Amino acid sequence: MTLSDDDIRAIRARAQLLSAPAPDVLSVTRAVAAIQAQSSPAARLAVRVRGRGLTPQDVDTSREVARTWLMRKTLHLVPTADLRWLNRLFGPRNAQAGKGRRRQLDLTDELCERALKHLQDLLPGKALTRQEILKGLAAAGIVLDATSQAPPHLLAYAANRGLLCRGPDDGAEPTYVLLDEWTTEGNDPPDPHAELAHRYLTAYGIATAGDFATWSGLPLGLCRKAFDVLDLVPAGVGFALRETDLSAPRCPPRLLGAFDPYLLGYTDRDLLLDPAHAKRVNSGGGMIAPTVLVDGRIAGTWRVKRAAKQTKVVVEPFAALSRSTISGLESEVDDYGRFLGEAAVLVI
């Protein structure tokens, strides 16, 4: 089907719930397949912009979603019901890929196995912070430098082995819980790769197997085979699921947080982001800045400037904004303030 660039952006934005928000955290998370969550504040903002009337507490306290290391060896927020099969899909691959780095950090296989055994004794019935875990391991003779990268790599390894996952945040501190206590055992999909590809295309609208490989971190050959199993139709720059409605309304102005899923799902971002402005969004090191979305295209960046009585949302557009866009962004800033429980104003 012949689609204009505007059509493709509208379809992708709707698939991401950016023009059709959902009522709860689980619905948001399920619709977008997974939310990158190495930054808890950014993950909360990804839910806000796709939800109606939600709060940070809704994200933090929901047992229907969970965080662990999955796609691209990175922390993601996913439906709890999917946690086990996704862990079985990505865990062994991630654990093997991290072996060299663990060796550099003196996390030998023998030390890791001892640590996992003690974690099984430490965590039952508890949600412990990293420092509490390190203290418990030290009492068992496993001493790790808290200022090094060894602790997070050990915890990621334990998660990839299916022992633990992230629990609720304790203020600004993440906690860790036993996977068996966070979720029950479930049945794996008959074809996990195809299931993940289906969820990916549901979330990203129109894409290629190469895009799926970029998003998932899985080998391109596996991604192509997964696409081959699905009932797809050619659409625009790639393929869509046959059931996808290839018409969509224009997306209203949106404030996307850092690492927003909308920008993490495609190999080529040119349809969404003018290459001339790419470095203002991605300055290097994997960092993705908070961005302003206008008609499905990145139109600027934004940041927060807090004062004693007021929070300013400072938008830095790439070009002049129309009055209707500014009005839409004012509504977004109002909702951002509601979400955080702060008075917020738009500054351009």
Side-chain angles (χ1 to χ4, degrees), residues 16-18 21-71 74-84 86-87 119 122-134 151-152 155-156 158-159 163-184 203 254-262 264 288 290 302 304 306 311 313 332-344:
Q16 284 279 304
L17 302 183
L18 295 170
D24 55 70
V25 176
L26 177 60
S27 297
V28 170
T29 308
R30 182 185 290 138
V32 298
I35 295 172
Q36 190 159 313
Q38 81 269 38
S39 165
S40 292
R44 295 179 192 120
L45 291 181
V47 173
R48 180 208 70 83
V49 77
R50 293 166 171 82
R52 293 193 298 271
L54 300 178
T55 67
Q57 291 72 31
D58 293 329
V59 183
D60 293 344
T61 61
S62 175
R63 289 292 298 264
E64 293 184 306
V65 294
R67 287 171 290 177
T68 196
W69 287 261
L70 297 168
M71 285 65 76
T74 302
L75 270 168
H76 280 80
L77 183 74
V78 296
T80 302
D82 297 326
L83 194 56
R84 286 193 180 276
L86 287 171
N87 179 262
L119 285 171
L122 280 175
L123 285 172
K126 301 172 185 174
L128 299 181
T129 66
R130 184 188 299 179
Q131 289 303 316
E132 289 170 335
I133 288 173
L134 292 181
L155 291 168
L163 176 63
L164 57 80
C165 65
R166 284 273 290 266
D169 287 347
D170 181 6
E173 281 291 313
T175 67
Y176 301 86
V177 297
L178 288 176
L179 182 65
D180 286 344
E181 293 184 347
W182 194 265
T183 184
T184 58
R254 294 294 193 194
L255 294 174
L256 307 182
F259 309 109
D260 191 84
Y262 189 65
L264 295 174
I288 305 290
W302 64 279
V304 173
R306 285 186 167 85
T311 295
V313 175
E332 272 286 86
V333 169
D334 287 344
D335 190 69
Y336 172 82
R338 175 207 60 77
F339 182 74
L340 296 182
E342 305 173 354

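Just so it is clear, the structure is predicted and the values come from calculations on it, not from any experiment.
At a threshold of 4.5 Å between non-hydrogen side-chain atoms, the residues Val177 and Leu164 do not count as touching. For the pair Tyr176 and Leu119, the minimum side-chain heavy-atom distance is 4.5 Å or more. Here the side chains of Arg67 and Pro174 are not in contact, with every heavy-atom distance at 4.5 Å or above. Side-chain contact between Thr61 and Pro168 is absent, with no heavy-atom pair separated by less than 4.5 Å. Side chains of Val49 and Leu256 form a contact here, defined as non-hydrogen atoms less than 4.5 Å apart. Looking only at side-chain heavy atoms (C-beta outward), Leu155 and Ile133 come within less than 4.5 Å of each other. Here the side chains of Arg254 and Pro21 are in contact, with some heavy-atom distance below 4.5 Å. The shortest distance between side-chain heavy atoms of Asp180 and Arg84 falls below 4.5 Å.
Contact record, Pro56 with Leu340: CG-CD2, 4.2 Å, taken as the closest heavy-atom pair. Nearest heavy atoms, Trp182 versus Ser62: CZ2-O, 4.1 Å. Heavy-atom minimum distance, Pro151 versus Arg130: CB-CD, 3.9 Å. Closest of all the heavy-atom pairs between Ala344 and Gly337 is CB-CA, 3.9 Å. Shortest non-hydrogen contact noted between Leu17 and Val28 is CD1-CA, 3.8 Å. Phe259 and Ala42 get closest at one heavy-atom pair: CD1-CB, 4.2 Å.
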Show your working on side-chain contact (heavy atoms from CB on, under 4.5 Å) between Arg338 and Thr55 and close with a plain yes or no.
CA-CA 8 Å; Arg338 175 207 60 77; Thr55 67; 4.2 Å; yes
Just do the salt bridge (Lys or Arg N to Asp or Glu O under 4.0 Å) check on Lys126 and Glu132 with the steps written out, would you?
CA-CA 11 Å; Lys126 301 172 185 174; Glu132 289 170 335; over 6 Å; no
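Summarising the geometry, atom CZ belonging to Phe339 is positioned 12.5 Å from atom CG belonging to Leu255; distances are rounded to the nearest 0.5 Å. Between Asp260 atom CG and Leu18 atom CG the span is 6.5 Å, to the nearest 0.5 Å. Once rounded to the nearest 0.5 Å, the distance linking CD of Glu64 with CG of Asp58 reads 11.0 Å. Residue Leu70 holds its CG atom at 7.0 Å from CG of Asn87, rounded to the nearest 0.5 Å. Atom CD of residue Glu173 and atom CG of residue Leu128 lie 12.0 Å apart, to the nearest 0.5 angstrom. A distance of 10.5 Å separates OG1 of Thr68 from CG of Leu163, quoted to the nearest 0.5 Å.
Between the Thr80 side chain and the Arg63 main chain, a donor and an acceptor come within less than 3.5 Å of each other.
The list of salt bridge (Lys or Arg N to Asp or Glu O under 4.0 Å) pairs with a residue in residues 38-48, not counting sequence neighbours, reads Arg44-Asp60, Arg44-Asp169, Arg48-Glu332, Arg48-Asp335.
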Exercise answer: donor-acceptor pairs, residues 30-38 side-chain atoms, under 3.5 Å, sequence neighbours excluded:
from, atom 1, to, atom 2, distance (Å)
Gln36, OE1, Arg72, NH2, 2.4
Gln36, NE2, Gln38, OE1, 3.1

